[in-house]
Protein chains: 2
Amino acid sequence: MGTLSGEKPKQTHKSARSRHEEVLDAGLRVFALKGYRGATIEDIASELGFTSAALYYYIKSKQDLLLQTVYRPIDSLIESANQYESFTGTSLEKFTRLVETHILLMIERRDWFIVMLRDQAHLPEDNILELRKRDREYRRIFTQVIIDGNKSGEFDVKDPRVTTLVVLGALNWTLQWLLPGGDVDSKAVAKEIASTLLNGIAKN
Amino acid sequence: MGTLSGEKPKQTHKSARSRHEEVLDAGLRVFALKGYRGATIEDIASELGFTSAALYYYIKSKQDLLLQTVYRPIDSLIESANQYESFTGTSLEKFTRLVETHILLMIERRDWFIVMLRDQAHLPEDNILELRKRDREYRRIFTQVIIDGNKSGEFDVKDPRVTTLVVLGALNWTLQWLLPGGDVDSKAVAKEIASTLLNGIAKN
């Protein structure tokens, strides 16, 4: 595979893909830490041990990197949520799963979410609108579960749209305080949060 | 008061103060819109119809403006919350008031909160720590109301600290979707949010 001139072996399709993923992950780490505006191509290259020139093989610009990654969190949320559409459990179970999945995905892919939520203002207008569209799509899934639960008599929600926003606010804000690793059992906290949102604070 | 040379009358102490407030407000409007990093002294001066030189009479730098304003939202929240400490109502009433006040203050002083929550990373380390300290102080008031409600049998909260974070997340996130003006009755929405957090989604 190598050549006499000492060139690197040609990457297989798979390893080129995973190297590409590594580049995106490193870029998001740097964006998350320094902010999109504060991060430079040099920072990202240095995070990878690349030269800037080598980095341009994978990404055309800082904005290209942002564009390649910024839909991932919302797309992952929608994909997970859609899996529960065909789920035959109660609305209560569906809601709990939606909440837990959202929190665990945010913990697992913290950098993605920080960049999407904080740095989207640096996207071209069209992409911001597309992001909002996908965000509405995700909210609709939550709202539908709440409406279904109202119908089945499990839930008692006056305004499912506002309640969806309240719930997603509580979930998105976990980015500020629920850190990965350490001695926190993320799954247990996710369950507790779901329970708080379902049952409220007041004693029944 | 004027002079023959056409100089402006000397400002009274009060009007100098309110002019100073106008400068801070304009600065926060520009920060909120463009982000701290994107805003320039020229932008702020132009928002006021000042020259940059005139602006420097009120603020020493962009960071000085940030430092003069960044504690205001959290201090206002703490001040309002402390008023309820001596309030003799039930924990349920106290909690509802805390929630409503928080939401209404965010609507009224939207720019303050956007800048505090988004741009605090541009503060010197000591000020970030001070901000965190005041944030903890505010959270402690919420947590205490929850603990008191548990004791009085009004609430049934397993982890008051985590629940405080969930509640404040839902409240802070209203900045993203609850816009001032328009045809939304902010007070009614604030009441609805308080009710959702108190009673949860599930039917009792």
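The sequence lines fix the lettering, A, B, ..., with proteins before strands; numbering per chain opens at 1.
Only the side chain of A/L117 comes within less than 4.5 Å of a heavy atom of chain B; its backbone N, CA, C and O stay farther away. At a 4.5 Å heavy-atom cutoff, the contact between B/D159 and chain A is made by backbone and side-chain atoms alike.
Taking each heavy atom of B/K34 and A/R37 in turn, the nearest pair found is O-NH2, 4.3 Å.
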**OP:** Apply side chain to side chain contact (heavy atoms under 4.5 Å, CB included) to the pair B/V166 and A/W177, showing each step before the final yes or no.
**Re:** CA-CA 10 Å; B/V166 172; A/W177 60 272; 4.3 Å; yes

Subject >> Worked check of side chain to side chain contact (heavy atoms under 4.5 Å, CB included) between A/N172 and B/W173 >> reply: CA-CA 8 Å; A/N172 288 337; B/W173 202 259; 3.2 Å; yes

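Residue with the most contacts toward chain B among A/Q176, A/R118, A/E154: A/E154 (heavy-atom pairs, distance under 4.5 Å). Taking A/T163, A/L165, A/L197, A/D156 one by one and counting their heavy-atom pairs under 4.5 Å with chain B, the maximum is reached by A/L165.
The closest side-chain heavy-atom distance from B/I201 to A/F95 is below 4.5 Å.
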